[in-house]
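Please read the structure below before turning to the comments.
Sequence lines set the chain letters: A, B, ... in the order given, protein chains first and strands last, and positions in each chain run from 1. Please read these numbers as outputs of a predicted model, since none were measured by experiment.
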There are 2 protein chains.
Amino acid sequence: MLTQQRKAHILAVLKQTGQVVAKSLSEQLDLSEDTIRRDLRELAAEGLLQRVHGGALPASPALADFSGRQAIATDGKKAIGRAAAAMIRPGQVVFVDGGTTTVQLVRHLPPELEATIITHSPSIAVELVSHPRITVELIGGRLFKHSVVAVGASAIEAIARYRADIYFMGVTGIHPETGLTTGDSEEAAVKRALSRHAAETIVLASSEKLGAASPYVILPMNEIQGLIVERGTRDETMAAYPAAGVSVTVA
Amino acid sequence: MLTQQRKAHILAVLKQTGQVVAKSLSEQLDLSEDTIRRDLRELAAEGLLQRVHGGALPASPALADFSGRQAIATDGKKAIGRAAAAMIRPGQVVFVDGGTTTVQLVRHLPPELEATIITHSPSIAVELVSHPRITVELIGGRLFKHSVVAVGASAIEAIARYRADIYFMGVTGIHPETGLTTGDSEEAAVKRALSRHAAETIVLASSEKLGAASPYVILPMNEIQGLIVERGTRDETMAAYPAAGVSVTVA
DNA sequence: CTTGACTCTGCACGAAGTTGCACGTTTTAT
DNA sequence: ATAAAACGTGCAACTTCGTGCAGAGTCAAG
């Protein structure tokens with residue numbers, strides 16, 4: 001077995017089970033624990049996992065659990081959420097992604113607004129329970145725990161049954177050449193499906209996303225209709241995508 | 001179980017319930033109390049929680065409202081949840097209803113349990129994000145806000161694609177003649193669909209449900225396999241359904 | 001074909017981390 | 001006041017870790 005194959009296997013197991021144990025990996029792959037430990041050390045150096053005594057844990061989500069990622073709703077995200085909410089007209093059908101920014105969107109929906117929100121994020125669904133007029137459609141599928149959204153074939157099938165006026169997309173990275181990116185291939189597939197079934201796709205991009213790129217490309221920049229960014233980041237954004245035909249809103 | 005995972009679990013429990021008790025943690029994780037105490041001490045040193053005699057509390061008082069909400073969950077419901085969680089064998093596929101009692105079920109799932117949980121409740125799905133080993137399948141559909149569950153034709157279609165070993169059902173009423181009831185016809189239809197696609201249906205019934213009846217009948221008593229009730233309510237229950245062929249568990 | 005540089009792997013060994021128990025102390029409840 | 005529970009510390013057994021080293025395999029230059 002090749003080293004790269006072995007490392008890929010370790011990452012696959014880690015992704016699927018949320019942990020790897022050095023000893024059991026060595027038995028499973030019929031290698032000494034030393035070799036496994038070396039692999040783990042190198043993968044940790046690449047930032048692909050987090051080394052712990054006895055094995056390893058995923059690089060990001062474990063830490064996210066610790067620090068309480070949710071708590072960090074910046075003013076910028078709130079402003080973006082408010083601006084996005086204001087774009088929704090009464091009676092419209094709206095796709096909403098999961099994520100900290102989109103949570104701000106639904107929190108800023110005016111109570112008198114009557115609309116249908118379709119989402120593959122259980123968190124967004126729960127958030128909308130307290131809204132008196134919004135009808136919520138939940139898209140099912142396998143739960144991708146890192147982002148807390150439904151993914152997979154059944155999610156994409158369910159999306160195909162809907163047609164929305166607007167899709168508010170959250171991304172991990174937005175880069176002038178690479179386009180819109182995210183950290184998981186299945187999540188990217190779901191976002192593409194949502195975009196395909198919406199008349200208009202609007203990307204919500206808090207400042208830390210601008211100029212960043214993650215492994216999986218969702219769409220190139222020219223396939224979206226709008227972009228909402230925080231005040232103060234406009235110049236940067238306009239400079240990056242001058243001819244894209246994407247309307248930029250400053251929140 | 002890895003040390004870091006254990007600590008993450010402690011913090012997750014703390015976040016959910018607003019408190020942790022050293023003794024119960026040691027039982028739940030099958031470790032000596034000494035080890036738990038060591039973990040708590042170290043987490044306290046990192047400022048992630050506040051050490052108190054007998055266990056620990058959240059570091060910041062910001063989570064105080066969490067513990068307040070938790071208080072609504074009676075000891076009875078917790079006991080029922082614990083008993084239900086203990087019925088799940090590794091590798092099983094489990095349907096879980098929405099509701100305050102079933103939330104207790106998923107909170108008492110041991111962290112080492114590997115299983116698949118399928119639910120039409122976004123709250124249950126979100127709750128399970130912090131569990132390291134459970135695979136979650138979310139059933140989509142129109143959100144019935146009163147109970148915070150997906151209902152409707154698409155939900156029932158999605159359910160038809162699954163087959164579970166156990167279905168843990170929550171109900172509004174349980175009456176010797178009327179059977180199992182709930183307050184909404186669509187919710188009843190979904191519960192029937194879940195029951196149809198599970199090998200075994202177990203009803204979680206906190207004391208206030210016994211003898212009560214709501215407008216919509218889900219199933220007659222003889223179509224379920226098990227009933228979990230609180231300690232102290234057994235005589236009443238046994239008297240009400242003596243010949244039903246339903247196994248009654250006292251939590 | 002041979003040689004030398006390089007990489008990968010497993011083993012050995014000392015260091016470090018982890019865990020449960022024993023024991024004496026502190027806190028809590030009755 | 002007394003008993004029970006929870007606590008901290010020290011300790012021994014055990015596991016896991018990192019490093020140095022040697023043997024095996026690979027590859028390209030000579």
Side-chain angles (χ1 to χ4, degrees), chain A residues 1-59 62-63 65-66, chain B residues 1-59 61 64 67 70-71 75 78-79 82 108 110-114 132-133 231:
Chain A
M1 185 171 215
L2 302 170
T3 306
Q4 291 311 315
Q5 270 182 307
R6 210 170 51 224
K7 288 188 180 176
H9 179 259
I10 292 173
L11 289 175
V13 172
L14 184 61
K15 188 176 174 186
Q16 199 178 346
T17 66
Q19 64 154 179
V20 287
V21 177
K23 188 185 172 77
S24 58
L25 272 177
S26 79
E27 289 167 6
Q28 197 180 354
L29 300 176
D30 196 28
L31 287 162
S32 76
E33 289 181 44
D34 302 68
T35 302
I36 300 297
R37 270 197 287 271
R38 257 183 283 252
D39 290 343
L40 293 179
R41 236 176 294 164
E42 287 161 21
L43 289 169
E46 294 173 50
L48 296 169
L49 53 76
Q50 179 194 355
R51 196 65 227 284
V52 298
H53 196 88
L57 295 172
L63 284 166
D65 275 346
F66 266 97
Chain B
M1 180 168 221
L2 304 171
T3 306
Q4 293 309 317
Q5 259 183 321
R6 206 173 52 226
K7 289 186 182 175
H9 178 257
I10 291 172
L11 289 174
V13 171
L14 184 62
K15 191 175 170 187
Q16 281 175 355
T17 66
Q19 62 158 34
V20 288
V21 178
K23 188 183 171 80
S24 58
L25 274 177
S26 79
E27 288 167 6
Q28 194 183 0
L29 301 176
D30 195 29
L31 287 161
S32 76
E33 290 181 47
D34 302 68
T35 301
I36 299 298
R37 271 197 287 270
R38 256 184 284 252
D39 288 344
L40 293 180
R41 238 175 291 164
E42 286 162 22
L43 289 169
E46 294 173 53
L48 296 169
L49 53 75
Q50 179 192 349
R51 195 66 228 284
V52 297
H53 196 88
L57 296 172
S67 51
Q70 176 69 12
D75 291 344
K78 287 183 191 170
R82 191 161 28 237
H108 285 98
E112 67 276 9
L113 177 67
E114 197 162 335
R133 300 256 196 309
R231 189 170 303 283

Per B:His53 side chain, nearest of listed nucleotides C:dA12, D:dA6, D:dT16: D:dA6
OP1 or OP2 of C:dG20 under 4.0 Å from side-chain N/O of B:Thr35: yes
Residue pair A:Arg51 / B:Gln4, side-chain heavy-atom distance below 4.5 Å: no
Euclidean distance, atom CG of residue B:Leu2 to atom P of D:dT16 [Å, nearest integer]: 10 Å
Integer-rounded Å distance: C:dG17 P and B:Asp39 CG: 15 Å
Residue pair A:Val52 / B:Thr3, side-chain heavy-atom distance below 4.5 Å: no
Length of the CG-P vector between A:Leu31 and C:dC8, whole Å: 13 Å
Whole-Å gap separating P (D:dT16) and CD1 (A:Ile36): 13 Å
Residue closer to the 5' end of DNA chain D, B:Gly54 versus A:Glu33 (nearest nucleotide): B:Gly54
Atom-pair distance (CG on B:Leu29; C1' on C:dT18), nearest Å: 15 Å
Atom pair CG (B:Leu29) and CZ (B:Arg6), whose distance is rounded to the nearest 0.5 Å: 7.5 Å
For atom CG of A:Leu25 and atom P of C:dG10, their distance in whole Å: 13 Å
Given D:dC17, D:dC7, C:dG20, the nucleotide with the shortest approach to the side chain of B:Arg51: D:dC7
Touch class at under 4.0 angstrom, heavy-atom based, for B:Val21 against every strand present: nothing
Phosphate-side-chain proximity, A:Arg37 and D:dT15, N/O vs OP1/OP2 below 4.0 Å: no
Distance-minimising heavy-atom pair for A:His53 and B:Leu2: O-CD2, 3.7 Å
Test side chain to side chain contact (heavy atoms under 4.5 Å, CB included) applied to A:Leu43 and A:Leu14, A:Val20, A:Leu48, the passing residue: A:Leu48
Spacing of B:Leu40 atom CG relative to C:dT19 atom P, expressed in whole Å: 13 Å
Side chain of A:Asp34 (C-beta onward), nearest among C:dA12, D:dA6, C:dG20: C:dA12
Distance, rounded to the nearest Å, where B:Glu27 contributes CD and D:dA6 contributes C1': 14 Å
Nearest to side-chain heavy atoms of A:Lys23, which nucleotide of D:dG20, D:dT16, D:dG8: D:dT16
B:Arg41, nearest nucleotide to its side chain (from D:dA6, C:dC11, D:dT9): D:dT9
Quiz item: B:Arg38 side-chain donor-acceptor pair to C:dG17 base, under 3.5 Å: no
